[in-house]
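Data first, discussion second: the structure below is written as structure tokens.
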2 protein chains.
Amino acid sequence: MMESNQEYPRMLGAMLRIPFQAIVAKIDAGLRAKGFTDLRPAHFVVFQHIHPEGSRITELAERAQMTKQSMSELVNYLEARGYLERQPDPKDRRASIVRLSNKGEALNHAAREVLQDIENEWSSQIGWTQMNAIKEGLNAIIKLIEEENTRK
Amino acid sequence: MMESNQEYPRMLGAMLRIPFQAIVAKIDAGLRAKGFTDLRPAHFVVFQHIHPEGSRITELAERAQMTKQSMSELVNYLEARGYLERQPDPKDRRASIVRLSNKGEALNHAAREVLQDIENEWSSQIGWTQMNAIKEGLNAIIKLIEEENTRK
DNA sequence: CTATTTAGTCAGTTAATCTGACTAAATTGT
DNA sequence: ACAATTTAGTCAGATTAACTGACTAAATAG
């Protein structure tokens with residue numbers, strides 16, 4: 001953060017932040033419009049990181065860079081409202097596996113739909129070539145980040 | 001948010017989120033290393049939006065998409081620690097103008113330095129051509145977002 | 001087969017942000 | 001000119017988000 005304000009040339013941080021926050025706001029509004037009204041921004045992080053075959057609380061917490069206590073709270077909230085299900089892990093009786101319920105899958109699908117619409121809208125205006133260049137470039141950067149993380 | 005997890009192809013939201021969060025973490029660590037240890041992540045938003053000639057609380061709140069009460073608290077914290085100064089606005093006796101102190105300028109400069117280092121590091125690995133393509137593309141998207149905002 | 005690590009919960013705390021009610025100054029409409 | 005409305009900011013209190021510390025029970029390592 002703290003990367004810029006309009007007086008200086010915009011720096012890379014702001015260039016990423018502005019479209020990212022626009023996307024977050026649009027997904028939030030889009031989901032609300034589609035009837036998912038009981039989610040708060042903090043819950044999104046669970047859907048971002050959950051694995052289709054289910055994930056453990058600890059794993060989700062680590063991926064989301066928060067404590068397992070905090071993640072536990074988010075998962076409890078979403079489980080209580082029917083977005084997630086907990087199953088005991090047969091391999092490890094201390095652990096449980098959290099997975100999307102049908103409702104959770106529906107939410108996920110709706111979110112992806114909204115996001116695809118945004119991408120289509122932007123692409124049609126700036127051109128698909130340029131959008132592809134952005135995506136390729138960002139994926140290259142992500143590769144660097146992931147390499148750095150695995151080295152640690 | 002909620003744009004992806006590794007099982008599906010990564011969507012645009014995640015492509016922006018991952019490098020953005022990496023940048024935030026690096027700036028946070030970099031500033032800490034440079035001796036700015038009394039800032040919390042929430043405060044960064046003030047520096048992102050403050051104008052070199054000073055800004056009003058209301059203006060900062062609007063740009064940061066939060067209430068003026070919340071922004072007021074952030075500004076109070078930073079003023080108490082010497083990063084910001086408040087002056088009465090001569091044009092409007094209800095308002096005050098918040099601006100960076102010398103210490104605040106130093107912080108801003110340090111943050112920009114860290115960010116430039118990140119950009120240089122990434123560019124040298126993916127190539128400056130590709131980095132420029134990303135930046136051009138993101139700026140085109142930002143232009144769309146800004147147009148949409150002004151239409152509202 | 002004891003010692004340590006790991007998965008998760010419970011309880012309490014701090015940080016971040018919000019809503020509502022308010023004051024005083026500025027602006028608008030007549 | 002001046003009443004009505006809007007705007008800038010604060011104060012007080014509530015809610016949400018995330019943290020630390022202490023704990024239990026199961027798994028793993030020596």
Side-chain angles (χ1 to χ4, degrees), chain A residues 1-2 17 21 24-25 28 32 36-51 53-81 83-99, chain B residues 1-2 17 21 24-25 28 32 36-51 53-81 83-99:
Chain A
M1 276 151 163
M2 196 171 304
R17 191 187 80 237
Q21 290 182 348
V24 171
D28 189 62
R32 216 165 285 283
F36 298 102
T37 55
D38 55 358
L39 294 157
R40 290 194 308 271
H43 300 121
F44 291 169
V45 77
V46 178
F47 293 88
Q48 281 160 18
H49 294 291
I50 198 167
H51 193 281
E53 285 87 54
S55 304
R56 294 187 178 177
I57 295 274
T58 315
E59 186 192 329
L60 290 173
E62 193 182 345
R63 291 222 245 169
Q65 310 217 67
M66 53 168 45
T67 62
K68 55 189 180 174
Q69 293 93 324
S70 300
M71 181 54 72
S72 214
E73 220 176 346
L74 299 179
V75 168
N76 286 340
Y77 181 98
L78 293 171
E79 189 191 15
R81 280 157 190 79
Y83 292 101
L84 300 177
E85 290 164 357
R86 265 189 175 91
Q87 311 174 333
D89 184 341
K91 313 266 176 205
D92 186 339
R93 282 185 299 154
R94 293 168 306 177
S96 63
I97 296 172
V98 180
R99 53 163 59 239
Chain B
M1 277 151 161
M2 193 172 306
R17 191 187 78 238
Q21 290 181 348
V24 171
D28 189 62
R32 217 165 285 283
F36 298 102
T37 55
D38 55 357
L39 294 158
R40 291 195 307 272
H43 300 120
F44 290 171
V45 77
V46 178
F47 293 89
Q48 280 160 19
H49 294 290
I50 197 167
H51 193 282
E53 283 89 54
S55 303
R56 295 187 178 177
I57 295 274
T58 314
E59 185 192 330
L60 290 173
E62 194 182 344
R63 291 221 245 170
Q65 310 216 65
M66 54 167 45
T67 62
K68 55 190 181 174
Q69 293 93 323
S70 300
M71 181 54 71
S72 213
E73 222 176 344
L74 299 178
V75 168
N76 285 340
Y77 181 98
L78 293 171
E79 188 190 15
R81 280 156 190 80
Y83 292 101
L84 300 177
E85 290 164 358
R86 264 189 175 92
Q87 313 174 330
D89 184 342
K91 313 265 177 206
D92 186 340
R93 282 185 298 154
R94 294 168 305 177
S96 62
I97 295 171
V98 181
R99 53 161 61 239

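Just so we're on the same page: letters track the sequence lines, and every chain starts at 1.
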* **Rounded distance (Å) that lies between atom P of D/dT16 and atom CE of A/Met66** => 16 Å
* State, to the nearest 10°, the angle formed by the axis through the first five base pairs of the helix from C/dC1-D/dG30 to C/dT30-D/dA1 and the axis through its last five. => 40°
* Does A/Arg94 come within less than 4.0 Å of A/Asp92, counting only side-chain N to carboxylate O? -> yes
* Counting only heavy atoms not in B/Glu62, do more than 12 sit closer than 6.0 Å to its CD atom? -> no
* Quickly work out the B/Asp89 CG to D/dT7 P distance and round it to whole Å. => 16 Å
* Any side-chain heavy-atom pair from A/Leu78 and A/Val98 closer than 4.5 angstrom? -> no
* Asked: Counting any heavy atom closer than 4.0 Å, what does A/Thr58 reach on the DNA or RNA strands: base, sugar-phosphate only, or nothing?
  -> sugar-phosphate
* **Rounded distance in Å - CD (A/Glu62) to C1' (C/dT6)** => 12 Å
* Could you go step by step and tell me if A/Arg17 and B/Val24 meet the side chain to side chain contact (heavy atoms under 4.5 Å, CB included) rule? -> CA-CA 10 Å; A/Arg17 191 187 80 237; B/Val24 171; over 6 Å; no
* Asked: Which heavy atom in A/Leu74 sits nearest to a heavy atom in A/Ala42, and how many Å separate them?
  -> CD1-O, 3.6 Å
* Structure fact -> Closest non-hydrogen atoms of B/Pro90 and B/Ile97, given as atom of the first, atom of the second and distance, are CD-CD1, 4.4 Å
* **Contact under 4.0 Å: A/Thr67 side-chain N or O vs D/dC19 OP1/OP2** => yes
Which atom pairs link the protein and nucleotides 9-13 of chain C when you take only N or O atoms and keep those under 3.5 Å?
{"unit_1": "C/dT9", "atom_1": "OP1", "unit_2": "A/Arg86", "atom_2": "NH2", "d": "3.3"}
{"unit_1": "C/dT9", "atom_1": "OP2", "unit_2": "A/Ser72", "atom_2": "OG", "d": "2.2"}

* **Nearest-Å distance for atom pair OH/P, residues B/Tyr77 and C/dT14** => 14 Å
* Asked: What integer distance in Å separates B/Arg56:CZ from C/dA26:C1'?
  -> 10 Å
* To do: Choose from D/dA17, C/dG8, C/dA16 the nucleotide whose nearest atom is closest to any side-chain atom of A/Arg40.
  => D/dA17
Enumerate, atom names and distances included, each donor-acceptor pair closer than 3.5 Å involving a side-chain atom of residues 64-73 of chain A, sequence neighbours excluded.
{"unit_1": "A/Thr67", "atom_1": "OG1", "unit_2": "A/Ser70", "atom_2": "N", "d": "3.2"}
{"unit_1": "A/Thr67", "atom_1": "OG1", "unit_2": "A/Ser70", "atom_2": "OG", "d": "2.9"}

* Asked: Between A/Arg86 and A/Ile57, does a side chain to side chain contact (heavy atoms under 4.5 Å, CB included) hold up when you go through it step by step?
  -> CA-CA 10 Å; A/Arg86 265 189 175 91; A/Ile57 295 274; 3.6 Å; yes
* Structure fact -> When rounded to whole Å, the CD to C1' distance for the pair A/Gln65 and D/dA17 reads 16 Å
Distances for protein N or O near nucleotides 26-30 of chain D N or O, under 3.5 Å:
{"unit_1": "D/dA27", "atom_1": "OP1", "unit_2": "A/Arg93", "atom_2": "N", "d": "3.1"}
{"unit_1": "D/dA27", "atom_1": "OP2", "unit_2": "A/Arg93", "atom_2": "NH2", "d": "3.3"}

* Between C/dA16 atom P and B/Leu39 atom CG, what is the distance in whole Å? -> 11 Å
* Under the ring pair (Phe, Tyr, Trp, His ring centres under 6.0 Å) test, which residues partner A/Phe36, sequence neighbours left out? -> none
* To do: Apply side chain to side chain contact (heavy atoms under 4.5 Å, CB included) to B/Arg81 and list each qualifying residue two or more places apart in sequence or on a separate chain.
  => B/Asp38, B/Tyr77, B/Tyr83
* To do: Without swapping roles, check the side chain of A/Arg63 against the backbone of A/His49 for a donor-acceptor pair under 3.5 Å.
  => yes
* **Distance, rounded to the nearest Å, where B/Leu60 contributes CG and D/dG9 contributes C1'** => 13 Å
